[in-house]
Amino acid sequence: SGTAVAVGLDLGTSGVRAAALDAAGDLVGFAAAPFADAAETRSPAAWWRGVSACLADLAAACPLAAVRGLAVDGTSGTVLAVDEADAPVGDVLMYNDPCPDAAVVAAVDAAAPGSSPARGASSGLARAVHLSRAPGAARVLHQADWILMRLSGAAPLTDENNALKTGYDLDAEAWPEWIEAAGLDRARLPQVVRAGAPLGLAGSQGRALGLPEACRLHAGTTDGCASFLATGAARPGEAVTALGSTLVVKLASARPVNAPAYGIYSHRVGDAWLAGGASNSGGAVIRALFGDERLDALTARLDPDRPTGLDYYPLLKPGERFPVSDPNFAPRLEPRPADDAVFFQAVLEGLAGIEALAYRRLAELGAPSPVSLRTVGGGARNPVWTRMRERALGVPFLPARSVEAAVGTAALVLSRLEASE
Ligand code: ADP
């Protein structure tokens, strides 16, 4: 196999992962360091131990001497405060932690324009404003920024993808003035560069973890963007559906697509934009109705050539964001056939209908129609559902190159290696 030239580090909820790619983009090394418990998931010291363990394991799997670039992705919206010496102070707030201070959420909502992804109860900016008030806090960083800063030994930087939910203005390419009205001095946020942008060389702490002197650090991205890139999708029209607990569609587009009512925002990645939306529907409905054990037996009895015509919209409770935006939207799971295989088929037909509607909605909002589709998540394992989806969507299905975000981040580095030369 080839020589490792690009490394991606992924800071996820379950642990740290590292992937090394050769110049042809083939995977030549992979390592994982799971977190021991939920406390480690939100511990910067544990993140760093994970990075250190992964790079050591990676070096054992493949020599790192020829690595020319490395980037880090992290969970989107996870923030921490650091002091003047860049040491963490106070608690980490994870991407799914509500901001503990309702007044801060209200201040962000009052200051932010209606179209801003920084609004709402799950606002990354609200978490950042709150943390900036911790005693001794000098700056607020995203998870990936803190790792990047340590590896580089340079001033903290972030990337447009991590900055989006913190309120960064992609048109103006600046932290907007209204962030001050939301309660945060913009000087306390890191400078922002494009995802994947070549930065400086590895610093002493990075070299101590085995990175060669010529290894350049690159601006990172979010785990969501990295997971998209990992599949091999990148060009406008290339789509990825994630069939996990929720149904999430993502699509590369030549233009940004923004529709706050549907929870849709676009990330800039390379020359394209990554637009996506998440339905409340998905595999969680399958799990609640059928469990996990019977799925193979039920799948064997599906008859996709005879659609049930039941027109379900599977949801666990009322309310949908995308592809329909209606907080009171009613689930449709009736009438229930006596045969559970027919019931299962109707649920899968309903989910395939939601997926097709999701891509039509993105197209209405200005995205391209899909030219190809890759699938990730637990539902990708069901070959009969896949056939039903191929029929409903009418676009060629391609295998995902990888489902590891670390591979996507390494691919982002690889795509920018020439730019740093
Ligand atoms: P998560 O989003 O929680 O990481 P996964 O990607 O692991 O989820 O996918 C789990 C989901 O996939 C579950 O909701 C499960 O019901 C669904 N699933 C697993 N196997 C199948 C199958 N053979 N057919 C349909 N759905 C499946």
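Small disclaimer: the values here were computed from a predicted structure and weren't measured. When a ligand or atom number is given, it counts from 1 through the structure's own listing order.
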Filter the ligand 1-protein atom pairs down to N or O on both sides and distance under 3.5 Å, then list them.
residue: ligand 1; atom: 2 (O); partner: Ser245; partner atom: N; Å: 2.8
residue: ligand 1; atom: 2 (O); partner: Ser245; partner atom: OG; Å: 3.4
residue: ligand 1; atom: 3 (O); partner: Ser245; partner atom: OG; Å: 2.7
residue: ligand 1; atom: 6 (O); partner: Gly378; partner atom: N; Å: 2.9
residue: ligand 1; atom: 9 (O); partner: Gly378; partner atom: N; Å: 3.2
residue: ligand 1; atom: 14 (O); partner: Gly283; partner atom: O; Å: 2.7
residue: ligand 1; atom: 16 (O); partner: Gly283; partner atom: O; Å: 3.3
residue: ligand 1; atom: 20 (N); partner: Arg381; partner atom: NH2; Å: 3.3
residue: ligand 1; atom: 24 (N); partner: Asn382; partner atom: ND2; Å: 3.0

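Pairs of residues two or more places apart, or lying in two chains, never qualify as ring pair (Phe, Tyr, Trp, His ring centres under 6.0 Å) while including a residue from residues 346-368.
A donor-acceptor pair is defined here as one N or O able to donate and one able to accept, closer than 3.5 Å; no such pair exists between the side chain of Ser325 and the backbone of Phe322.
Screening Leu217, Leu148, Leu64 for a side chain to side chain contact (heavy atoms under 4.5 Å, CB included) involving Leu70 leaves a single residue, Leu217. With Arg389 as reference, Thr241 is the one residue of Thr241, Asn382, Leu351, Leu348 to meet the side chain to side chain contact (heavy atoms under 4.5 Å, CB included) rule.
Note: Ser227 OG to Lys250 NZ = 6.0 Å, rounded to the nearest 0.5 Å.
A salt bridge links Asp340 with Arg294: at least one charged nitrogen is closer than 4.0 Å to a carboxylate oxygen.
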